[in-house]
Amino acid sequence: MRNKIVAGNWKMNLSFEQALQLANDLNEYVAHHPSTAQVVIAPTSIYLQAIQETVDNDYITVAAQDVAAAEKGAYTGDVSAEQLDSIGINCAIVGHSERRAYQHESDAIIAQKLEQLFAKEITPIFCIGEKLEEREADKHFEVVKSQVLNALQPQKVENLTKVVIAYEPVWAIGTGKTASPEQAQEIHAYIRSVLKDAFGEDLANGTSILYGGSVNAGNAEELFAQPDIDGGLVGGASLKVEDFSKIIAAIK
Ligand code: 13P
């Protein structure tokens, strides 16, 4: 059985005080409204330790937004998997389209980052998704297929069961334009078929595939009701407890 997951990617938002407040409010909500979903929040790296200490880890998983591709050494500004592990972080987003776009991260770099995470038993939330021009040119299937295979084929087979995939079409991120439930279901089912062809049916059926891109309190329920959508990776709407709690409640 694959897990249902609702993850909030806080990106580069919130002061320290605001972040602590949000983490506390969310902890309070989840403690009183048990959910079948695993709830994950990903604050900026300098808040990770404080937020990890603020929330009850039985209720909320605290994730990093990224990880270094290298193990250690002269990589100014980077945070390694070992460093995340040393403060008790066991989940990290990797391959987000904003990092692919602004930090020019290739599939090969993302594959290295996945390897670093596996070495420390940190669960990756591995992001894929096509750009608007790729969708308009009807290339979205081939784009997500190559993103999945380029990053996952180099991995040791036994590590693949640990991967959570987040399909986030770039044209839907922060734009208020969501993929329709039918569009999202279609490509989620396709991603699962790619996993099945490359790695077998058990892996395909056991992998959680989250949808991300303008998920909000109004559209979450219909998206999450699709058979191949196992939850969401939420940006803007994860920054307010009123909205994020409704999205968590939308998981049935
Ligand atoms: P929005 O929910 O703000 O569109 O962001 C989605 C996202 O990029 C989550 O990682």
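All heavy atoms count here, side chains included; hydrogens, waters and symmetry mates do not. Counting starts at 1 for both ligands and their atoms, in listed order. Everything numeric here is computed off the predicted structure, so don't read it as measured data.
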(request) Check each atom of ligand 1 against the heavy atoms of Glu168 and keep those under 4.0 Å away; list them by number with element. (result) 6 (C), 7 (C), 8 (O), 9 (C), 10 (O)
(request) Ignoring angles and geometry beyond distance, decide whether Gly213 reaches within less than 3.5 Å of ligand 1 through its nitrogen or oxygen atoms. (result) no
(request) Report yes if Ile173 has an N/O atom closer than 3.5 Å to an N/O atom of ligand 1; otherwise report no. (result) no
(message) When you measure from the side chain of Ser238 to the backbone of Phe244, do you find a donor-acceptor pair of N or O atoms at a distance under 3.5 Å?
(response) no
(message) According to a hydrophobic-cluster definition based on side-chain heavy atoms being under 4.5 Å apart (Ile, Leu, Val, Met, Phe, Trp, Tyr only), do Val164 and Val94 belong together?
(response) no
(request) May I ask you to list the atoms of ligand 1 that are less than 4.0 angstrom from any heavy atom of Gly236? (result) 1 (P), 2 (O), 3 (O)
(request) Can you spot which of Ile165, Ile5, Ile187 makes a side chain to side chain contact (heavy atoms under 4.5 Å, CB included) with Ile209? (result) Ile165
(request) Specify the protein heavy atom at minimum distance from atom 2 (O) of ligand 1: its residue, its atom name, and the distance to 0.1 Å. (result) Gly235 N, 2.9 Å
(message) Minimum heavy-atom separation for Tyr211 and Pro169, please, with both atom names.
(response) CE1-CD, 3.7 Å
(request) Without swapping roles, check the side chain of Asn24 against the backbone of Leu20 for a donor-acceptor pair under 3.5 Å. (result) yes
(message) Ignoring hydrogens, what is the shortest heavy-atom contact between Tyr59 and Ala31? Give both atom names and the distance.
(response) CE1-CB, 3.6 Å
(message) So, 4.0 Å and heavy atoms of Gly174: is ligand 1 close enough to count as a contact?
(response) yes
(message) Are any of the N/O atoms on Thr175, whether in the backbone or the side chain, positioned under 3.5 angstrom from an N/O atom of ligand 1?
(response) no
(message) Would you say Glu168 and His96 are linked by a side-chain donor-acceptor pair, where the criterion is simply a distance under 3.5 Å?
(response) yes
(request) Heavy-atom contacts with Ser214 under 4.0 Å: which atoms of ligand 1 show up? List them by number with element. (result) 1 (P), 2 (O), 4 (O)
(request) Name the option, out of His96, Glu98, Lys177, that contains the heavy atom nearest to atom 10 (O) of ligand 1. (result) His96
(request) May I ask you to list the atoms of ligand 1 that are less than 4.0 angstrom from any heavy atom of Ala172? (result) 4 (O)
(request) Using the side-chain hydrogen bond (donor to acceptor under 3.5 Å, both in side chains) rule, pick out the option among Gln65, Lys11, Gln103 that qualifies with Glu98. (result) Lys11
(request) Could you tell me the residue and atom name of the protein heavy atom closest to atom 5 (O) of ligand 1, and the distance to it rounded to 0.1 Å? (result) Lys11 NZ, 3.3 Å
(request) Would you mind running through ligand 1 and noting each atom that sits below 4.0 Å from a heavy atom of Leu233? (result) 9 (C), 10 (O)
